[in-house]
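Notes to accompany the following structure.
Everything numeric in this text was worked out from a predicted model, so none of it was measured.
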Amino acid sequence: MKFREFEGEVEEIVAESCRASGYKDFEADVSLPPNDEYGDLASAVPIRVAKRSGQKPGDVAVTIASKAIEFAKKSKYVGSVSPHRGGYLNFSINAPRFIADSVSDIASGDLGAERKAGEKIAIEHTNVNPNKALHIGHARNLVLGDSLVRVMRYLGHKVQALNYVDDSGAQVADIIVGFRFLGLPDEAPEGVKYDVYCGDSVYAKVNQEYAKNPSLKEKQSFVLKEIEKGSGEYADYTRAIVRRILDSQLSTCWRLGATYDLLNWESQLVHSKMWEKIFETLKKIGYVKYQDLGENKGCWVIPDAETGEEKVVVRSDGTVVYVAKDIPYAAWKLGLSNDPFGYEVYADDQPGGVLYSTTLEGKKSGVHFGNAELAISVIDTRQSYLQRIVAKVLDKLHEGASRRYMHRSYEVVSLSKKTASAIGFEIEGEFAHMSGRKGLYVNVDTMLGKLKEKAKVETRKRNLAESDEWVDAVAEAVAVAALRYELLKQDPDKMIVFDMEEALRFQGDTGPYLLYTYARARRILDKTEGKPRVNLASAAKLTTKKEIQLAKKMSMLDISASTAGEYLSPKEIARFSHDLAVAFNEFYEGVPVNKEPDPELRDARLALVDASSRVLAESMRLMGVPVKDRI
RNA sequence: GGGCCCGUAGCCCAGCACGGAUAGGGCGUCAGCCUCCGAAGCUGAAGUGCGAAAGCUCAGAGACCGUGGGUUCGAAUCCCACCGGGCCCGCCA
């Protein structure tokens with residue numbers, strides 16, 4: 001997009017004019033000034049030069065500026081250069097040319113980043129145990145992961161979105177225990193989602209019973225052993241139940257706008273024997289060691305050179321611990337071991353395209369997964385230690401492999417005191433961590449329901465003539481927008497203390513604000529007699545600060561997205577979208593479009609509305625925030 | 001005991017990667033703006049001066065950036081220590 005081109009020119013000018021002034025080896029750093037009264041881009045290079053040469057920064061700035069002014073004459077988008085006595089070089093943009101070019105690029109559909117040779121990237125996210133419905137903590141994972149998938153694709157990478165299903169763990173076994181040993185019905189009551197039923201009723205009930213009746217725990221280990229076998233009555237039954245719960249979870253994921261390319265099953269990973277091969281290699285190189293005495297007697301362990309501690313990977317009974325399942329999964333993603341899987345269609349009705357599943361039956365379906373150049377795992381921060389162990393082991397399998405394995409960690413979502421109280425838990429501090437066992441959580445479906453209810457009221461108020469179906473569809477979009485944006489905009493390193501009341505806000509820095517802004521822009525375009533078109537002459541009439549601000553902002557999407565990709569930080573897109581929406585609303589309130597008497601100027605403004613709304617829609621798409629023409 | 005993360009207005013958050021020009025938003029509070037392209041929005045913080053008006057000009061709420069040191073011409077940003085909060089360090093997943 002054009003702002004980046006402008007930036008490139010400025011960098012070039014700074015570098016050339018430094019050289020021409022006899023200042024060598026200075027990085028031509030360019031940044032946005034704190035205030036646009038200084039200009040549209042600035043460089044602090046004179047300060048650095050002055051530091052080395054002992055001159056005054058302001059004098060250096062004048063010297064370099066005199067050269068820069070000459071170089072700028074050849075440039076396309078640099079309007080003027082001026083030195084600042086504090087030691088800055090300030091560059092202003094050639095607004096008419098910049099706006100005319102930006103608008104026509106965007107109007108022709110060019111919303112993308114500079115296409116580089118895309119990498120093959122595997123992004124793992126969601127990974128919810130198939131025994132319960134998604135709660136808002138899982139939603140944070142999903143939103144982060146799915147937005148990363150979208151951003152990476154926008155940047156031109158070839159992305160595989162992976163969802164890991166732990167279909168053989170204790171949590172699944174608990175559901176089976178409930179059905180088979182506590183006599184709980186394996187059908188949900190009328191009107192209750194299957195995953196909600198299993199999580200809210202079955203899982204909670206089974207855990208209560210464990211506390212009362214410890215012998216029930218033996219049933220759990222019995223079920224686990226049966227599942228492990230992979231065949232037989234219990235294994236088959238579990239497979240069917242897992243599938244029902246998973247499908248129910250997937251409907252929620254899809255509702256949130258997240259889709260996947262492949263499901264990886266833990267049971268298949270275990271049966272694939274990948275671990276056994278890796279284990280042999282690790283034994284051969286002496287990285288895993290057998291302990292014949294001490295507290296880890298009878299176990300295979302890997303040492304941690306830094307802490308001097310060791311991590312058990314194979315228990316004394318020969319079974320593997322959790323991290324030893326993550327290692328082959330990571331190795332498979334990066335193509336560090338042979339691919340034991342076939343691939344088959346799991347769902348062809350997924351909104352974003354076919355969802356595949358691994359299989360050990362050998363069917364390939366003509367598709368390929370794994371073998372990625374980069375693997376990103378969206379996993380909460382509590383697993384950072386284990387993820388570091390996985391990375392270290394990868395390095396032992398293949399020199400430097402850990403550089404291609406990235407853990408996108410994030411803090412958990414907890415509940416505010418008020419919200420905990422609203423669902424029947426009186427707590428000590430200001431917030432409480434969610435707990436599936438205790439039943440202390442807010443389900444995604446519940447939250448979307450509340451958001452939608454409120455959105456319906458708000459939407460109906462503004463659209464008295466519309467059908468119920470129409471209002472429903474809009475309210476659904478508003479609900480999803482509100483939740484996704486809320487979970488995405490905050491830094492992943494910060495805990496979200498979720499408060500129901502606050503999350504129900506549709507004003508200010510929220511998803512619905514973006515939807516509203518887009519609809520506002522569409523309204524202008526729908527009502528107009530004019531045509532969105534602009535040329536150099538009419539662009540020159542766009543002279544107000546609000547118009548220029550909007551034009552600049554809209555052509556920075558690619559810059560924000562690059563940052564988001566580089567730092568695995570999709571909240572950059574949230575900042576961008578909000579800034580763009582603010583710029584649009586200020587423009588909207590500040591200058592007339594359809595009421596503008598000068599038809600040339602009106603059309604130029606229309607073109608600006610058209611282009612900026614396209615960019616807004618694209619940035620919303622990158623966050624998985626739905627877009628509606630009217631709300 | 002070892003390690004990771006967080007601490008910025010009454011509340012919630014940006015900014016920290018790459019040190020630089022008046023620390024940005026949102027909520028809330030208060031005051032305005034719908035006969036004027038959608039008020040899920042915008043403007044302002046009793047205002048001053050110029051002007052017929054659009055508007056311009058000046059002024060202008062809320063922050064010891066957890067605390068204390070250090071590095072630097074310059075620190076919210078880098079380094080160290082401490083305080084407060086959260087998390088992890090399992091033959092659970």
Side-chain angles (χ1 to χ4, degrees), chain A residues 27 29 31 33-35 37-38 42 44 47-48 50-51 57 84-88 90 129 166 168-171 266 295-301 304 306-309 311-323 325-326 380-386 388 409 411-412 414 429-431 433 455 458-459 461-463 478 482 489-497 499 502 505-517 519-528 563 566-567 569 571 574-575 578-579 581-582 585-586 588-596 605-606 609 630-631:
Chain A
E27 205 187 327
D29 61 331
S31 59
N35 185 320
E37 278 159 31
Y38 291 116
I47 298 176
R48 266 175 273 293
K51 187 177 181 177
H84 185 275
R85 59 187 163 75
Y88 294 90
N90 291 323
N129 280 322
D166 179 0
S168 56
Q171 298 203 9
E266 178 165 287
E295 56 176 350
N296 293 329
K297 187 178 173 192
C299 299
W300 289 87
V301 303
D304 185 333
E306 287 161 38
T307 63
E309 290 171 9
K311 171 73 191 164
V312 172
V313 287
V314 178
R315 301 183 188 106
S316 52
D317 66 359
T319 58
V320 301
V321 303
Y322 169 75
V323 70
K325 294 171 189 169
D326 241 21
D380 79 55
T381 181
R382 293 172 300 189
Q383 289 197 42
S384 296
Y385 172 69
L386 288 175
R388 272 198 299 276
S409 80
E411 261 292 349
V412 296
S414 62
E430 287 308 303
F431 62 89
H433 287 288
E458 296 295 319
T459 307
K461 262 198 282 194
R462 296 164 175 82
N463 297 279
V478 170
K489 72 171 179 184
Q490 190 152 327
D491 192 281
D493 285 336
K494 280 184 177 163
M495 187 201 290
I496 293 178
V497 179
D499 186 83
E502 235 170 274
R505 247 186 42 238
F506 292 167
Q507 288 112 17
D509 188 10
T510 65
Y513 174 72
L514 303 178
L515 271 168
Y516 172 77
T517 304
R520 238 182 169 188
R522 292 300 318 173
R523 195 67 157 179
I524 294 178
L525 295 165
D526 290 344
K527 283 193 156 178
T528 193
T563 309
E566 190 179 349
Y567 298 107
S569 182
K571 72 161 185 195
R575 309 285 324 158
H578 179 250
D579 289 351
V582 167
N585 282 314
E586 286 178 2
Y588 182 97
E589 305 272 351
V591 298
V593 180
N594 288 330
K595 293 190 178 351
E596 167 57 46
R605 285 189 181 144
L606 273 174
V609 170
R630 288 195 300 121
I631 67 168

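When heavy atoms are screened at a 4.0 angstrom cut-off, A:L515 is found touching no nucleic acid atom at all. At a threshold of 4.0 angstrom between heavy atoms, the contacts of A:K461 with the nucleic acid are absent.
Residues A:R605 and A:E596 are in side-chain contact: their nearest non-hydrogen atoms beyond the backbone lie under 4.5 Å apart.
If you check B:rG26, B:rG38, B:rA40 against the side chain of A:R520, the one that comes closest is B:rG38. Picking from B:rG74, B:rG26, B:rC13 the nucleotide with the shortest atom distance to the side chain of A:K51 gives B:rG74. Comparing B:rC88, B:rC37, B:rA93 by their closest approach to the side chain of A:N594 singles out B:rC37. Of the candidates B:rG41, B:rA93, B:rC37, the closest approach to any side-chain atom of A:K527 belongs to B:rC37. Closest to the side chain of A:V593, out of B:rG41, B:rA93, B:rC37, is B:rC37.
Below the 3.5 angstrom threshold, one finds no donor paired with an acceptor across the side chain of A:T381 and the base of B:rC87. Within 3.5 Å, no donor on the side chain of A:N585 pairs with an acceptor on the base of B:rA40, nor the reverse. One N or O donor and one acceptor, one from the side chain of A:R462 and one from the base of B:rA40, sit under 3.5 Å apart. A donor and an acceptor atom sit less than 3.5 Å apart, one in the side chain of A:T459 and one in the base of B:rA40.
Taking side-chain N and O atoms only, A:R605 has no distance below 4.0 Å to OP1 or OP2 of B:rC37. Proximity of A:H578 to the phosphate of B:rG25: no side-chain N or O atom is located under 4.0 Å from OP1 or OP2. Under 4.0 angstrom from either OP1 or OP2 of B:rG15 there lies at least one side-chain N or O belonging to A:K571. At least one side-chain nitrogen or oxygen of A:R315 sits closer than 4.0 Å to the OP1 or OP2 atom of B:rA93. In terms of phosphate contacts, A:R523 brings no side-chain nitrogen or oxygen within less than 4.0 Å of OP1 or OP2 of B:rC37.
Using modelled atom types and a 3.5 Å distance limit, the side chains of A:Y516 and A:Q507 yield no donor-acceptor pair.
Rounding to whole angstrom units, CD1 of residue A:I631 and P of B:rA39 are separated by 12 Å.
Rounded to whole Å, the C1' atom of B:rC37 lies 14 Å from the corresponding atom of B:rC42. Spacing between B:rG2 and B:rG10 at atom C1', rounded to whole Å, works out to 38 Å. Of the C1' atoms belonging to B:rC65 and B:rG7, the separation is 10 Å, rounded to the nearest Å.
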With side chain to side chain donor-acceptor pair (under 3.5 Å) as the test, would you mind laying out the steps for A:E411 and A:T381 before giving the verdict? CA-CA 6 Å; A:E411 261 292 349; A:T381 181; 4.9 Å; no
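B:rC34: glycosidic angle within 90° of 0, hence syn.
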